[in-house]
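See below for the structure under consideration.
None of the values given here were measured: they were computed from a predicted structure. When a residue number appears, it is its place in the shown sequence, counting from 1.
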Amino acid sequence: MTLKNRISLLVSLLFTILFGLASTLIFVLYSNFRKDEFRDRLEIKALSNIKLLVNVKEIDNQLLKMIDQNSINKLYDEKTLVFDSNYKLIYSSIDDAKIKWSVEDLKYLKKHKTFFKQQGNYEVYGVFYDTKDRDFYALISATDNFGQRRLLFLRYTLIVSYIFFTCICWVVTSITVKKLMNPLNAFHQKIKNINENNLDTRIASKSNKDEIDLIASEFNFMMDRIEISYQRQKEFTAHASHELRTPLSRITSQIENVISDNKTSNERRTFLTNILSDVNQLTELINSLLILSKIDNKTHENNEVHRMDEILFSAIENLNKSYPEFLILFEIEESENLDTVLEIKGNRNLLEIALSNVLKNACVYSDNKQAKVLINAKSDDLVISISNTGNTLNEIEQKNLFQPFMRGENSKGTSGFGLGLRIVQRILTLHNSTITYSVPDINTNLFQLFFHL
């Protein structure tokens, strides 16, 4: 789970829990308030009935019932019972309503003065009233329909508002967090695209100096140090390679002179020939490192437009001069936009080096010293396919094929350093192009160079 989704989830869950607790608290508090308010109404009603019985001598039960029925404070489905000190019922408001009571309830009242309890849908309030002459016990029962309806309305209102505002919270939180995290997403995309070709990439930071800006500033400072260190390393490689070429050239020249001297014995000539082969390989390695360092230092401009078929012909011609035993079969697949895609903007020398390395690699590692070249156009891309027959690479070797000094199992007995394809990839990357390797058939190696317009 991404950090953005985690923050959205945590904030939304926190709001959901807090709003749920607040809604529950509101409902509980209002429910208790309704009970207390209804109990007060029952208490007032019970005491008023007792006071009428005690203080108004002329009143009788029928008159008190009429007063109860016409009272403005009349409760729904109300029932009032009044007992004297001997627990004898002396007044009952309505005969068809019932209150479950016992002498134990009246004794409890005498001890605790009041009680309030629930009996099914009815709420019952009891009160003990002490006068100088005698004691009275009053039980009053009723249903709080109005209060229950308000409580039910409040319950549904809280549930609906809880669902509605929770959904709103989840949507708003997701949108807000996504908007706040956009700079971090852009930061991530730029970091993901950084490689050795664009170490000069920097992250733009605003002036508000929040956490993301602080990270961006530190990242830019780190990239400055990495770029300086990388450039120093490449400069050292370039300078060292350049300085080594001169003494190697002298050694090569001297060995060739000794070999060509008629006074040199055959045994000595064979020994020097082996040494010359090693020196030539060392020279080739140094030249490869020098090419790589120049590519990494971006010393080449890519403004000129060249035809890739002409560069390919030149690479084949130069390769045949050095390796006359190589046979390269060439084919062009005609299409309407072929002339357009053949024109590539770039550095001619580097492109020729890239094509020469691929062609040489295909011929060297083939089983018949042959390679097939096919040029065709796919959409707006120029595709140069170079294939040969021979031992193929396994999956692990294919993943590391373009790494420096990587050589597969099929390279046994073949001289080389594993830098040729690395140079090709670096040159194509500099020209916004790519190279792929695949095994389309048994014992068939296929390299494809994609040049994008």
Side-chain angles (χ1 to χ4, degrees), residues 280-281 283-295 299-334 338-366 368-378 381-390 401-402 404 411 414-438 444-453:
N280 288 334
Q281 288 187 22
T283 302
E284 183 180 352
L285 173 61
I286 291 174
N287 289 334
S288 298
L289 291 174
L290 188 59
I291 292 173
L292 276 177
S293 65
K294 288 182 178 180
I295 296 173
T299 57
H300 304 277
E301 296 293 335
N302 302 317
N303 295 325
E304 297 181 4
V305 177
H306 306 279
R307 285 183 61 91
M308 286 303 299
D309 53 347
E310 296 177 357
I311 297 177
L312 183 60
F313 291 145
S314 178
I316 294 174
E317 182 180 354
N318 292 332
L319 191 64
N320 286 331
K321 291 180 181 179
S322 302
Y323 303 94
E325 70 277 14
F326 289 169
L327 177 61
I328 299 175
L329 306 176
F330 184 81
E331 181 182 356
I332 296 181
E333 186 178 289
E334 295 293 336
L338 181 62
D339 290 336
T340 302
V341 297
L342 279 174
E343 295 181 348
I344 301 298
K345 182 183 294 186
N347 184 281
R348 181 185 178 90
N349 293 332
L350 290 180
L351 291 173
E352 186 173 335
I353 291 173
L355 292 174
S356 297
N357 283 352
V358 180
L359 291 171
K360 179 183 175 182
N361 184 85
C363 292
V364 168
Y365 294 103
S366 67
N368 55 3
K369 303 297 182 182
Q370 293 184 9
K372 296 180 180 180
V373 180
L374 173 64
I375 295 180
N376 63 339
K378 290 184 179 180
D381 293 344
L382 174 67
V383 182
I384 299 179
S385 302
I386 302 174
S387 61
N388 70 344
T389 58
L401 179 60
F402 299 101
S411 64
T414 305
S415 61
F417 300 97
L419 288 175
L421 291 179
R422 176 63 175 178
I423 292 174
V424 174
Q425 186 192 46
R426 301 288 298 149
I427 291 175
L428 293 180
T429 301
L430 188 64
H431 291 79
N432 297 320
S433 304
T434 56
I435 180 173
T436 62
Y437 169 84
S438 61
T444 301
N445 301 280
L446 174 63
F447 288 93
Q448 289 186 302
L449 286 69
F450 296 88
F451 296 88
H452 312 292
L453 293 182

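- The side chain to side chain donor-acceptor pair (under 3.5 Å) search around Ser314 returns Glu352, not counting sequence neighbours.
- With hydrogens and angles disregarded, no donor-acceptor distance shorter than 3.5 Å links the side chain of Asp381 to the backbone of Phe450.
- The side chain to side chain contact (heavy atoms under 4.5 Å, CB included) test applied to Leu327 returns Leu329, Gln370, not counting sequence neighbours.
- Put simply, the side chain of Ile435 reaches to within 4.5 Å of the side chain of Val358, judged on heavy atoms.
- For Ser366, the side chain to side chain donor-acceptor pair (under 3.5 Å) criterion is met by no residue, not counting sequence neighbours.
- Between Leu374 and Glu331 the shortest side-chain heavy-atom distance falls below 4.5 Å.
- Residues satisfying the side chain to side chain donor-acceptor pair (under 3.5 Å) test with Asn376, not counting sequence neighbours, are none.
- Under the 4.5 Å side-chain criterion, counting only non-hydrogen atoms from C-beta, Leu312 is in contact with Phe330.
- Residues passing the side chain to side chain contact (heavy atoms under 4.5 Å, CB included) test with Tyr323 are Leu319, Glu325, Phe326, Lys360, sequence neighbours excluded.
- Counting heavy atoms from C-beta outward, Leu449 and Met308 have side chains that stay 4.5 Å or more apart.
- Side chains of Phe447 and Leu401 form a contact here, defined as non-hydrogen atoms less than 4.5 Å apart.
- Not one N or O on the side chain of Asn361 forms a donor-acceptor pair closer than 3.5 Å with the backbone of Asn357.
- Ser433 pairs by the side chain to side chain donor-acceptor pair (under 3.5 Å) definition with nothing, not counting sequence neighbours.
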